[in-house]
Amino acid sequence: MNIPRVSYPRIVIIGGGFAGISLARRLSKKEAQVVLLDKHNYHTFQPLLYQVSTGGLEPDSIAYPLRKILKNFPNVFFRMANVKEIDAENKVVKSDIGDLKFDYLVIATGSETNYFGNQSIEKHSMAMKSIPQSLNLRSLILENFEDALLTSDLDERNALMNFVIVGAGPTGVELAGALAEIKKGILPKDYPDLDTRLAQINLVQSGDRVLKEMSEKASKKAEDFLEELGVNIWKDLRVTGYDGKTVTTNTDVTFETATVVWAAGVKGATIKGLDAQDYIARGNRIVVNQFSQVKGFDTIFAVGDIACMQTEDFPQGYPMMAQPAIQQGKQLGDNLVRLIDCKPMKPFKYNDKGSMATVGRNKAVVDLESFKFQGVFAWFVWMFVHLFFLIGFRNRAVVFINWVYNYIRFDREARLIIRPYKKHHIVKSEVKKS
């Protein structure tokens, strides 16, 4: 990888997400050589991926070059690499661009979509965990309406304008709200010769309420907001399959649709070498102790979504969200310096700053430790927090300007099919031809 060997200990970080970036920043200008590996050359602000999918933002608004983040850190090296395996015994990381020895290794690979072993859903549904996936979904949504204009088959047209979102967590709720606003305010103007009132947005949740990780008050208010926007909410309903045309459930309820977005769960993105059951907890996450050390290792660590740090308050590990990842990255950076200096490390303590979700224009819910609120003020708080955590002044400025423009004009300028995406789905006309 052409990384110079120096006398300082080498710390290799796999993953340029919230945890990896926080750790690299913490170690900048310390007496250590830091090597950051990621399969992309940019950091993605994942909480706003749904806005890329629905044409509210362009992808470069929520992505930031990793090299630009690290440019002022002389002791930090970046290599774009896809890590294939970890040889823990010999302290070697194996990737598609070569091998690299380490003194300390930090796994910050984040999470990936969890289909719970359902191959038909994995094959035919759409995920939304990366910028390429979000662009694919945006293209598919717009292409569906273009195709709906061209068909004279009523059932096929309805399927093309019927959207099913599986999973009513923050991702599912925010995506459903954005699609409902597009249906209400944009589609009638873009497609005047198509009865867009027939478009349906269905949000399917296997549990008894949406946003189950938030308070009951927030959950109820979010549900009210969604229903006000015309979203069909299906609770206590579990999706069991999707063949590209029909969604089946654990009841007699089915959906005829060309688009299913799977937002029902995530799992840790493990790497060969540390994916054995001895290291893995529920959700495919790597078990770590209170110092983020991987079970059985003194020099291998894991932080962020991939790490399962079990505590009395969080027996399944901390939530797979940005805040735990950021805080763990910072704490581990301090602890690695202590470890190198032969000082005792400090245990990680999570500072829960609350949770929030937006449902649409002037509609959001916020849960803080001592204060819970909903509506317009919550929506402004949600916007401010997300702008604050975006990396780079340009990104903050562009997102803010886009939001102001979209708010005033009730528009989404980025509804462009830049990279066409054709997902094969079975429609009635194809059945007739066969």
- Query: So Trp382 and Trp403, would you call those rings parallel, tilted or perpendicular, with 30° and 60° as cut-offs?
  - Reply: tilted
- Task: Supply the atom-to-atom distance Arg138 CZ to Tyr421 OH, rounded to the nearest 0.5 angstrom.
- Result: 15.0 Å
- Task: Determine yes or no for a side-chain-to-main-chain donor-acceptor pair under 3.5 angstrom, with Asn250 supplying the side chain and Arg238 the backbone.
- Result: yes
- Note on the structure: Value for CD1 (Ile69) from NE2 (His43), rounded to nearest 0.5 Å, stands at 6.0 Å
- Task: Show your working on side-chain contact (heavy atoms from CB on, under 4.5 Å) between Thr270 and Thr109 and close with a plain yes or no.
- Result: CA-CA 7 Å; Thr270 54; Thr109 47; over 6 Å; no
- Message: Could you check whether any side-chain N or O of Asp341 sits under 3.5 Å from a backbone N or O of Lys343, counting only pairs where one atom can act as donor and the other as acceptor?
- Response: no
- Item | Arg419 backbone acceptor or donor facing Ser139 side chain under 3.5 Å | yes
- Item | Ser22 (side chain) donor-acceptor with Lys330 (main chain) under 3.5 angstrom | no
- Item | Closest heavy-atom pair and its distance - Pro74, Lys29 | CD-CG, 4.3 Å
- Query: Using 30° and 60° as the class limits, which term best fits the ring planes of Tyr104 and Phe301: parallel, tilted or perpendicular?
  - Reply: tilted
- Message: Could you measure the distance from the OG atom of Ser355 to the CD atom of Glu213? Nearest 0.5 Å is fine.
- Response: 8.5 Å
- Of the non-hydrogen atoms in Leu226 and Ala176, which two are nearest, and what is the gap between them? CD2-CB, 4.2 Å
- Quick one: does Asn395's side chain have a donor or acceptor within less than 3.5 Å of a partner on Leu390's backbone? no
- For residues 157-196, which residue pairs qualify under ring pair (Phe, Tyr, Trp, His ring centres under 6.0 Å), counting only residues two or more places apart or in two chains? Phe145-Phe163, Phe145-Tyr191
- Rounded to the nearest 0.5 angstrom, the CG-CZ distance for Asp298 and Phe291 is 11.5 Å
- Message: Looking at Thr358, is its backbone amide N or carbonyl O close enough to the side chain of Glu174 to form a donor-acceptor pair, meaning the two atoms are under 3.5 Å apart?
- Response: yes
- Task: Search all heavy atoms of Cys308 against all heavy atoms of Ala281 and return the closest pair with its distance.
- Result: SG-CB, 3.8 Å
- Result for side-chain hydrogen bond (donor to acceptor under 3.5 Å, both in side chains) between Glu223 and one of Gln205, Lys235, Arg209 points to Lys235
- Would you call Ile21 and Leu36 a side-chain contact if the rule is heavy atoms closer than 4.5 Å? yes
- Any donor-acceptor N/O pair, Asn406 side chain to Leu57 backbone, under 3.5 Å: no
- Answer with yes or no whether the side chains of Gln327 and Gln331 bring together a donor and an acceptor at under 3.5 Å. no
- Query: Is the NZ or CZ atom of Arg361 both under 6.0 Å from the centre of the six-membered ring of Tyr407 and within 45° of that ring's axis?
  - Reply: yes
- Query: Any chance the rings of Tyr242 and Trp262 have centres within less than 6.0 Å?
  - Reply: no
- Test salt bridge (Lys or Arg N to Asp or Glu O under 4.0 Å) applied to Arg282 - qualifying residues, sequence neighbours left out: none
- Query: For Ser28, does its backbone N or O pair with a side-chain atom of Asn75 as donor and acceptor, under 3.5 Å?
  - Reply: no
- If you measure from the Lys or Arg side-chain nitrogens to the Asp or Glu carboxylate oxygens, is any gap between Arg197 and Asp195 under 4.0 Å? yes
- Which heavy-atom pair separates Asp60 from Arg394 by the least distance, and what is that distance? OD2-NH2, 3.3 Å
- Query: Would you call Asp411-Lys189 a salt bridge at under 4.0 Å N-O?
  - Reply: no
- Item | Distance in Å, Met161 CE paired with Thr259 OG1, rounded so as to fall on 0.5 Å steps | 11.5 Å
- Item | Nearest-0.5 Å distance that lies between atom NZ in Lys267 and atom OG1 in Thr113 | 9.0 Å
- Task: Check for a donor-acceptor pair, side chain of Asn118 on one end and backbone N or O of Thr240 on the other, with a separation under 3.5 Å.
- Result: yes
- Query: Can you name the closest pair of heavy atoms from Ile340 and Pro9 and give their distance?
  - Reply: CD1-CG, 3.6 Å
- Message: If we count only N and O atoms by modelled type, under 3.5 Å, do the side chains of Asn402 and Arg412 hold a donor and an acceptor together?
- Response: no
- Message: Classify the ring geometry of Tyr318 against Phe314: parallel below 30°, tilted from 30° to 60°, perpendicular beyond 60°.
- Response: tilted
- Task: Examine distances only and state if a side-chain atom of Lys183 and a backbone atom of Ala199 form a donor-acceptor pair shorter than 3.5 Å.
- Result: yes
